[in-house]
Amino acid sequence: MQQMIKIKSLCKSFGSFSAVNNITFDLNKGDILGFLGPNGAGKTTTMRMLTGFLKPSSGDVIINNRNMKDNPEICKSFIGYVPEGAPLYEEMTAIDFLKFTAKIRKIRKENLEKTLENVINLLNLKKILFKKIDTLSKGFKRRVGLAQAIIHNPEILILDEPTDGLDPNQKNEVRSLIRKLGKEKAIIISTHILEEVNAICNRAMIISDGRLLLDDKPNEILKKSTSYKSIYIAIEEKNSFDLKNEILNKKISKDVSVRNNQCVIKTNNSKSVKSNLDEFIKKNKFTLKHYSIGKGSLEEVFRRLTSDE
Amino acid sequence: MSNFFYSSYLIFQREILSYFSTPIAYVFIAIFLLLSSLFTFYLGNFFELGQANLSSFFEWHPWLYLFLIPSVTMRLWAEEKKTGTIELITTLPISSSSIVIGKFFASWVFSSIALLLSFPLWITVNYLGEPDNGVILASYIGSILMAGAYLSIGSCISALTNNQVIAFVVAATISFLFTVSGLPIVLDFFSTWSGQILTDTIASFSFLTNYSDITRGLIDLRSLIYFITLICLFLYTNILIITNVRD
Ligand SMILES: Nc1ncnc2c1ncn2[C@@H]1O[C@H](COP(=O)(O)OP(=O)(O)O)[C@@H](O)[C@H]1O
Ligand SMILES: [Mg+2]
């Protein structure tokens with residue numbers, strides 16, 4: 001696996017305020033990393049150091065085996081970046097702006113036409129090419145922002161809240177594009193929308209107050225959720241409160257609650273709880289009104305880790 | 001090195017394009033031409049002097065540039081900081097210096113275009129009499145150089161803020177100080193309590209002093225070096241600011 005990004009003990013302070021505190025991680029080709037955290041967690045600041053916009057207070061950013069500190073221009077050439085809010089030169093037309101980016105990205109004259117055609121098709125920009133960017137809709141602006149980031153087919157793509165402010169359809173378009181690009185790149189996308197991580201990422205990080213709290217595959221993080229493999233059950237014969245009491249009495253599980261007229265039984269991922277419960281149901285010949293097993297909730301883990309207490 | 005020039009050129013090209021894709025450029029050129037002719041004909045006694053030359057045109061340039069140039073440069077960096085495009089441009093694989101240089105030359109070429117559009121005046125004096133065209137050429141060169149100096153001050157100040165109004169006011173103030181340091185009032189003030197050497201030094205740092213030498217047709221190497229050094233100094237500071245102050 002090819003290592004694209006290596007971050008070592010990255011810190012950034014603004015005055016006495018520490019916005020990013022000792023973050024370390026690697027990113028390989030094929031990784032689509034969801035960078036999660038509440039507002040003010042330090043996501044943007046971290047990405048700004050990764051792209052060479054901000055200088056770290058301490059620590060190193062290594063891009064493709066080169067240190068950003070020593071070789072900023074080479075490092076930057078491997079990266080495509082959509083900054084927070086996807087800023088653009090609004091007085092330019094979309095095509096002029098893309099040509100400008102392509103030339104600065106050192107795309108050769110003989111390849112220019114083809115390169116432009118590729119991103120224009122990929123992002124469906126044909127209709128708006130000759131319009132000034134400030135007259136475009138938010139969705140098209142974002143697509144132009146993405147187009148400038150991928151025009152040089154970078155190995156690393158860094159997207160700061162790429163779907164922020166878009167409507168649900170536009171969000172889906174951006175997500176499917178990222179999924180399409182993901183296979184041969186290393187991608188970091190920051191977001192505070194948790195469904196986004198499930199939809200596109202194969203790795204997720206949770207940061208809060210500038211610290212890295214968790215770094216794992218999304219389905220591994222789900223296992224940390226208290227509702228992971230919880231059993232949701234309701235039966236015809238008893239109301240859920242009586243059922244709850246009986247389950248507690250029979251010592252099937254110590255942690256049972258009632259929500260939406262269903263008993264929620266925490267299993268802590270142990271198989272015996274489920275088999276004991278199944279046996280209990282069978283023996284009493286209860287008719288099941290509802291029976292499901294919890295998939296876990298990223299949101300719950302996120303809230304548990306990032307809430308203040 | 002060729003990389004540096006190529007990126008500077010691309011930045012330059014983008015900037016020039018953006019000047020002319022907004023009304024700012026046309027408004028600026030119109031106001032410059034309007035005011036400079038107004039000053040020339042009403043305040044400069046162009047007709048009464050009865051001489052076929054453009055000195056009454058050129059003599060007002062420091063005062064025009066004083067507020068017109070900061071209005072060109074105020075957006076140069078402050079706007080990029082405000083809209084966030086500075087994050088785009090500085091994460092491209094080019095050096096900060098090529099961006100600074102590209103932007104500066106775009107603003108310089110733009111201002112020079114405004115200045116050179118005053119050519120009908122030059123045609124007029126040649127029609128009316130026999131002016132010393134060497135002096136006029138020198139004056140154009142001096143005016144362009146001085147504009148460059150004002151532009152470099154404005155660009156550097158604009159890099160320090162994301163507020164265009166602040167950029168304008170501070171740049172105009174600093175430009176004012178560089179301009180008036182050659183006026184008799186200022187020099188008298190200094191000579192009352194300091195020695196002749198300091199007074200002369202202050203005078204030699206004045207735009208007025210250096211510029212008026214050139215417009216009299218006296219292209220003094222010292223004046224050329226003065227303006228060019230000043231431009232380099234401010235652009236160098238500008239590069240340092242853009243490279244280091246992003247927070
Ligand atoms: N230039 C700056 N000066 C001072 N504080 C800053 C600056 N940039 C960011 N911060 C602070 O650093 C913290 C992290 O910000 P940011 O990285 O933008 O968070 P996120 O992107 O996760 O919402 C915030 O508290 C923010 O106020
Ligand atoms: Mg952010």
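Naming convention: chains lettered A, B, ... in sequence-line order (proteins, then strands); numbering from 1 in each chain. If you're wondering where the values come from, they're calculated on a predicted model, not measured in any experiment.
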Could you tell me which of A:I74, A:L88, A:T45 has the largest number of non-hydrogen atom pairs under 4.5 Å with chain B?
A:L88

Between A:R105 and B:P93, the two heavy atoms sitting closest are NH1-CD, 3.3 Å

Using the side-chain contact (heavy atoms from CB on, under 4.5 Å) criterion, which residues pair with B:S95? Sequence neighbours excluded.
A:E73, B:F4, B:S97, B:S98

Between B:Y65 and B:H61, what is the ring plane arrangement, given parallel below 30°, perpendicular above 60°, and tilted in between?
tilted

Would you kindly say whether A:E196 and A:T191 are connected by a side-chain donor-acceptor distance under 3.5 Å?
yes

Go through the atoms of A:K99 and report whether side chain, backbone, both or neither lie under 4.5 Å from a heavy atom of chain B.
neither

Determine, for B:E80 against B:K103, whether the closest basic-nitrogen to carboxylate-oxygen distance falls under 4.0 angstrom.
yes

Which atoms of A:F78 approach chain B - backbone, side chain, both or neither, heavy atom under 4.5 Å:
neither

Checking heavy atoms, do the side chain of B:T83, its backbone, both or neither come under 4.5 Å from chain A?
backbone

Which portion of B:L10 sits near chain A, non-hydrogen atoms under 4.5 angstrom
both

For chain B, find which of A:E84, A:E90, A:H152, A:K132 contributes the most heavy-atom pairs closer than 4.5 angstrom.
A:K132

